[in-house]
Amino acid sequence: MTLENPFENSRKQLAKCAAILGLDESIHEMLRHPMRELRVTFPVRMDDGSIKVFEGFRIQYNDARGPTKGGIRFHPEENIDTVRALAAWMTWKCAVVDIPLGGGKGGIICNPKEMSDGELERLSRNYISSIAQIIGPRKDVPAPDVYTNSQIMAWMVDEFSKISSFNQPGIVTGKPLTMGGSLGRSDATARGGLYTIREAAKVLGIELKGAKVAIQGYGNAGSNAAKLAKEMFGCKIVAISDSRGGVMNMDGIDPEMASQHKAKTGSVTGMLNTTPVSTEAFLGLDVDVLIPAALENVITEKRAHTINAKIVAELANGPTTPEADDILFQRGVHIIPDFLCNAGGVTVSYFEMVQNFYMYYWSEARVHTRLDRKMTDAYKAVYAASQKYNIDMRTAAYVVAIERVVTAMKDRGWI
Ligand code: GLU
């Protein structure tokens with residue numbers, strides 16, 4: 001259990017931005033709270049015949065800019081404050097890449113690693129029927145997140161379609177291609193992040209060919225980031241880690257081999273030609289780019305002093321605490337903040353929604369080009385705000401996002 005409360009951290013970040021923009025107190029107050037929260041308990045039949053009761057959440061943080069959007073996490077340490085923070089970050093995320101959506105998030109307290117496929121299917125179906133009243137293709141659209149994937153999305157679509165008595169592919173994004181998924185969605189978070197790394201490298205004058213990269217977390221975002229960093233820019237992946245530990249090789253780790261090793265053994269640890277590395281040493285490695293791609297609160301105040309990377313590209317949500325942020329800014333580390341860096345996933349989710357509404361599907365090349373444009377424009381807007389106000393990149397991302405959300409709230413006559 002983490003000691004930091006991500007929701008309190010997200011409010012601290014917001015407060016910094018509110019001060020810079022001189023936000024009206026009532027507007028600030030509105031942005032400090034989710035607009036709607038649903039907490040559900042529901043039963044699931046386990047393989048041994050017993051019934052287990054699970055707790056889940058769906059939070060719709062702010063829908064001024066459009067229907068709420070955001071993933072569903074399955075995690076044993078899930079709690080409502082984490083989901084609140086993630087829902088807030090989704091709101092700013094959709095605003096910073098300028099897609100017409102608000103922010104939401106869902107979660108179930110469970111340990112998917114200890115559940116069979118059948119149990120996970122029943123869990124996913126029962127959760128969707130528990131929250132069915134408040135979701136919909138024009139209301140609130142879930143997606144994959146930590147420990148959820150396209151198979152889980154497929155069960156959710158199927159369950160919601162049964163409830164509605166017609167086919168509803170648009171109820172979630174991140175679906176398999178066979179039922180309305182979008183080409184380019186599966187590696188979109190990583191690819192989007194790499195476009196922002198490319199832009200940051202231009203601004204900082206860093207050559208990405210041969211640049212040393214360390215990636216903490218080897219799930220969907222982390223493993224794809226490793227493969228694409230090598231493929232797109234010729235970077236050298238020197239360290240990777242997952243929940244069981246980290247490994248390094250300064251001559252380079254082959255990302256494909258790491259994926260194969262993880263598929264076989266369940267972890268990247270123990271991989272051939274690598275040496276083990278502790279979390280502290282991992283974060284302190286002398287690299288060009290450090291990519292946190294796992295969970296919240298990894299870069300803390302204490303660890304911030306030891307970070308040696310030129311760029312910290314946050315593919316995870318909330319990996320850096322506000323105290324650590326200040327230290328990294330003073331030390332001149334260039335942060336590409338989470339809700340900018342990892343916005344590629346929801347951007348292609350938005351493309352998936354558009355394709356579902358039209359029932360007309362794009363080529364992968366079209367998805368990549370449009371994603372690149374969105375991420376590049378967003379990075380440039382945030383970088384310009386950081387220069388204009390002489391503020392860190394995270395606060396600058398808030399400035400860009402909050403201005404857009406507040407304008408929509410005003411246009412609607414809320415405030
Ligand atoms: N879970 C992803 C995120 O945190 C994607 C959300 C989505 O596609 O709606 O951005």
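Both ligands and their constituent atoms are indexed starting at 1 by order of listing. In this text, all values refer to a predicted model and were calculated from it rather than measured experimentally.
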- Message: Looking at D372 and R191, is any side-chain nitrogen of the basic one under 4.0 Å from a carboxylate oxygen of the acidic one?
- Response: no
>> Other residues, nucleotides and ligands only: do more than 12 of their heavy atoms fall within 6.0 Å of NZ on K227?
In response: yes
heavy-atom search around atom 1 (N) of ligand 1 in the protein gives D145 OD1, 2.5 Å
Nearest heavy-atom approach of R303 to V298 is NH1-O, 2.8 Å
- Is it true that a side-chain atom of N224 and a backbone atom of N220 form a donor plus acceptor pair closer than 3.5 Å? yes
Within the 4.0 Å heavy-atom cut-off, what E352 brings close to ligand 1 is neither
Quick note on ligand 1: atoms under 4.0 Å from a heavy atom of G70 include exactly 9 (O)
| Salt bridge check: are R84 and E37 linked by an N-O gap of less than 4.0 Å? | yes
Below 4.0 angstrom, N of the basic side chain to O of the carboxylate: do D325 and K16 qualify? no
### Message
If we only consider heavy atoms of P144, is any one of them less than 4.0 Å away from an atom in ligand 1?
### Response
yes
Atom 5 (C) of ligand 1 sits nearest the protein heavy atom R185 NH2, 3.6 Å
Ligand 1 to N317, heavy atom cutoff 4.0 Å, flagged ligand atoms 4 (O)
task: Could you tell me how the ring of W92 sits relative to the ring of Y398: parallel (under 30°), tilted (30 to 60°) or perpendicular (over 60°)?
output: tilted
Looking only at protein heavy atoms, what sits closest to atom 10 (O) of ligand 1 is K93 NZ, 2.7 Å
Practice item. Decide whether the shortest distance between a heavy atom of G174 and an atom of ligand 1 is less than 4.0 Å. Key: no
Ligand 1 contact by M353, heavy-atom criterion under 4.0 angstrom
no
key: Contact (N/O only, under 3.5 Å) between M90 and ligand 1   = no
of all protein heavy atoms, closest to atom 7 (C) of ligand 1 is A143 CB, 3.3 Å
among protein heavy atoms, the one nearest atom 8 (O) of ligand 1 is S349 OG, 2.5 Å
From the list V406, V399, V400, side-chain contact (heavy atoms from CB on, under 4.5 Å) with I402 holds only for V406
request  = Look only at interatomic distance and state if K69 has a nitrogen or oxygen under 3.5 Å from any nitrogen or oxygen of ligand 1.
outcome  = yes
Could you give me the CA-CA distance, side-chain angles and deciding distance for R65 and D98, then say whether salt bridge (charged side-chain N to carboxylate O under 4.0 Å, His left out) is met? CA-CA 9 Å; R65 287 176 47 87; D98 203 10; 3.0 Å; yes
